[in-house]
Protein chains: 2
Amino acid sequence: MPRRKSLDHVVVPQAVMRRLPVYYRYLGALLARGTERVSSQELSRMIGITASQMRQDLSYFGSFGQQGYGYRVRDLHRAITEILGLHRTYQLVLVGVGNLGRALVSYPSFANRGFRFCGLFDNDPRLIGSEFCGLEIRPVDTLADFLHQCPVDIGVITAPPEVAQQIADVLVAGGVPAIWNFAPTSLKVPKGVIVEHTHISESLMVLSFRLNNPEEADTSVESASNQ
Amino acid sequence: MPRRKSLDHVVVPQAVMRRLPVYYRYLGALLARGTERVSSQELSRMIGITASQMRQDLSYFGSFGQQGYGYRVRDLHRAITEILGLHRTYQLVLVGVGNLGRALVSYPSFANRGFRFCGLFDNDPRLIGSEFCGLEIRPVDTLADFLHQCPVDIGVITAPPEVAQQIADVLVAGGVPAIWNFAPTSLKVPKGVIVEHTHISESLMVLSFRLNNPEEADTSVESASNQ
DNA sequence: GGTGGCTTGTGATCGGTTTAACAAGTCACA
DNA sequence: TGTGACTTGTTAAACCGATCACAAGCCACC
Ligand SMILES: NC(=O)c1ccc[n+]([C@@H]2O[C@H](COP(=O)([O-])OP(=O)(O)OC[C@H]3O[C@@H](n4cnc5c(N)ncnc54)[C@H](O)[C@@H]3O)[C@@H](O)[C@H]2O)c1
Ligand SMILES: NC(=O)c1ccc[n+]([C@@H]2O[C@H](COP(=O)([O-])OP(=O)(O)OC[C@H]3O[C@@H](n4cnc5c(N)ncnc54)[C@H](O)[C@@H]3O)[C@@H](O)[C@H]2O)c1
């Protein structure tokens, strides 16, 4: 029987946390394909990690498999869904309705997984007042007010880097507990506020580095860094 | 005098490589501000890492500072520019001219750093033949031919995940040495081909995990993972 | 019911990354 | 020119994450 650990006083290593979405993705694929059972051996080979690593990762959260049998795909998928918090919904605001912002807002998979955009903000008079994906684009000066009326879980910053910090400050002051930042700036926020930075440009620079520094080592390497 | 190591037989650790763009970004900011000199102490405090770590990282590539003085911002910036390969230009093709693809193609910073889009491909008849950012959108069936005529350094995949692997195969067959993938799929490529995956959705899932698992630890954590 | 083959979860080991410490060298200024 | 404060590059130690190895347990089949 799958048994979830309390996790209250267990510290989950960074590296483990970053792999959870990968497990989630592959389990989703197996589920869609109708596969019932999977062993750590099989799943880890698909992903390209060791079976040990996968089992050890899961062990931070509990026991989800059965010896001699493996994991029931449905159960493990549900368990990871809950671990990742993807069983509930989140209210998002997005600030900076430019090219990248529009791509995020119109991406259907987010809504499908419970990430709901409830407010779009910009400072461009040509955009303000118009509609995008069924949402009115509001003046960024009204963001603070909006946050007082409507509780928001995640603030998305897709505005230019020069204004990212001041937007973050407004979000924090408005009680937003987490920021998803796409601007190439490091945000300073009070302890307790979660910032997740998505490094698009950094990722391209790493690619350029790797092109110029032929590694003897293996080629399938993915994002990593911490600061 | 700044002295660059040969680096031919030195293996640069993953973790070090991922921090290079961060150094590059902060040095660029200092340069723009007109700062001439910086010590590992100052720079590392700005970034939020230890001075030891920064010096150790740089030591993989050579000696760029002066004892008792620190680093000349201009020199270190130039050194890292070259280490990252940002002093030369790259030819890129992008496959899947959707919302995300258009955001990338129209992002001016890439062109400014030498990343030049020279071909856009899609399979949507409504898009094919039209122009975007001065480039014609071509049928994806002509990609293989295009690659034979025009050497390409980086292939960008912003098409749906279902077709990502087959696009990657065409890119590889056409001799493209590096792939920048935005589709949520792990690509299988021959050894020697570089794949850099930018995990937008994964990043949001990590945010959701962190919202639901209050870490006692510090809050400023950035992307990491390897597979 | 017993046996063999598998597979999990976990303590032990290995390797890599981060931090600490210091000798050597530079600058500023008397 | 000499002295002191400062900072680098590097070697060593501590820490953390990945891999290994195995006892415990389950399933299937005889
Ligand atoms: N597009 C990319 O490929 C890409 C890649 C890497 C990083 N980024 C970063 O993502 C962010 C968005 O990029 P983009 O390409 O969508 O840029 P964009 O210029 O298309 O959009 C930026 C939007 O922010 C709005 N804005 C400007 N100042 C504002 C303010 N004070 N308050 C609210 N809104 C404001 C602008 O009106 C515009 O609509 C930027 O920080 C950029 O550096 C983008
Ligand atoms: N937009 C986002 O916020 C976001 C977030 C995470 C991941 N992604 C991923 O990035 C990719 C692009 O996302 P998007 O939002 O731009 O999607 P999109 O639907 O706007 O664009 C996809 C484009 O690919 C084209 N295409 C489809 N099949 C093709 C083929 N066989 N060959 C060439 N082109 C083809 C489509 O015509 C379309 O223009 C997808 O894989 C998506 O899962 C997007």
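Quick note on labels: first sequence line is chain A, next is B, and so on, each numbered from 1.
- Of the options A:Tyr71, A:Phe64, A:Tyr24, A:Tyr26, a ring-ring contact (aromatic ring centres under 6.0 Å, His included) to A:His77 is made by A:Tyr24 and by none of the others.
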Kindly list each side-chain donor-acceptor pair under 3.5 angstrom involving residues 92-100 of chain B, sequence neighbours excluded, with atom names and distances?
from, atom 1, to, atom 2, distance (Å)
B:Asn99, OD1, B:Arg102, NH2, 3.2
B:Asn99, ND2, A:Ser106, OG, 3.4

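- Taking the six-membered ring where the residue is Trp, A:Tyr90 and A:Phe115 present parallel rings, their angle staying beneath 30° rather than reaching 60°.
- Among the nucleotides C:dT17, D:dT11, D:dA18, the one closest to any side-chain atom of B:Gln14 is C:dT17.
- Under 4.0 angstrom from either OP1 or OP2 of D:dA18 there lies at least one side-chain N or O belonging to A:Arg19.
- Rounded to a whole Å, the CD atom of A:Gln53 is 15 Å from the P atom of C:dT8.
- The interatomic distance linking A:Phe64 (CZ) with D:dG25 (P) rounds to 19 Å, in whole Å.
- Contacts with DNA chain D (heavy atom under 4.0 Å) in residues 33-42 of chain B: B:Arg37, B:Ser39, B:Ser40, listed by number.
- Between the side chain of B:Ser52 and the base of C:dA20, a donor-acceptor pair under 3.5 Å is found.
- In this structure, B:Leu43 CG and B:Arg45 CZ are separated by 11.5 Å, a value rounded to the nearest 0.5 Å.
- Using cut-offs of 30° and 60° on the angle between ring planes, the pair A:Phe209 and B:Phe61 is perpendicular.
- A donor-acceptor pair shorter than 3.5 Å cannot be found between the side chains of A:Asp57 and A:Gln53.
- As rounded to whole Å, 11 Å separates atom P of D:dC16 from atom OH of A:Tyr60.
- Atoms CZ (A:Arg55) and P (D:dA23) sit 15 Å apart, rounded to a whole Å.
- Rounded to whole Å, atom C1' of C:dT18 lies 15 Å from atom CD1 of B:Ile47.
- A:Tyr71 has its OH atom 15 Å from the P atom of D:dC27, to the nearest Å.
- Nucleotide D:dA18 holds its P atom 13 Å from the CE atom of A:Met17, rounded to whole Å.
- In this structure, of C:dG11, C:dA21, C:dG9, it is C:dG11 that holds the atom nearest to the side chain of A:Gln56.
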Contact pattern, 5' to 3', of nucleotides 24-30 of chain C - B, S or - by protein heavy atom under 4.0 Å: BBBS---
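- In this pair, B:Phe110 and B:Trp180 present their aromatic rings perpendicular. The plane angle is above 60°, beyond the 30 to 60° band.
- B:Val206 approaches A:Met17 most closely through the heavy-atom pair CG1-CE, 3.8 Å.
- B:Thr50 comes within contact range of the sugar-phosphate backbone alone, with a heavy-atom separation under 4.0 Å but no base atom that close.
- Taking each heavy atom of B:Pro161 and B:Ala183 in turn, the nearest pair found is CA-CB, 3.9 Å.
- Taking atom CG of A:Leu58 as the reference point, atom P of C:dG9 lies 7 Å away to the nearest angstrom.
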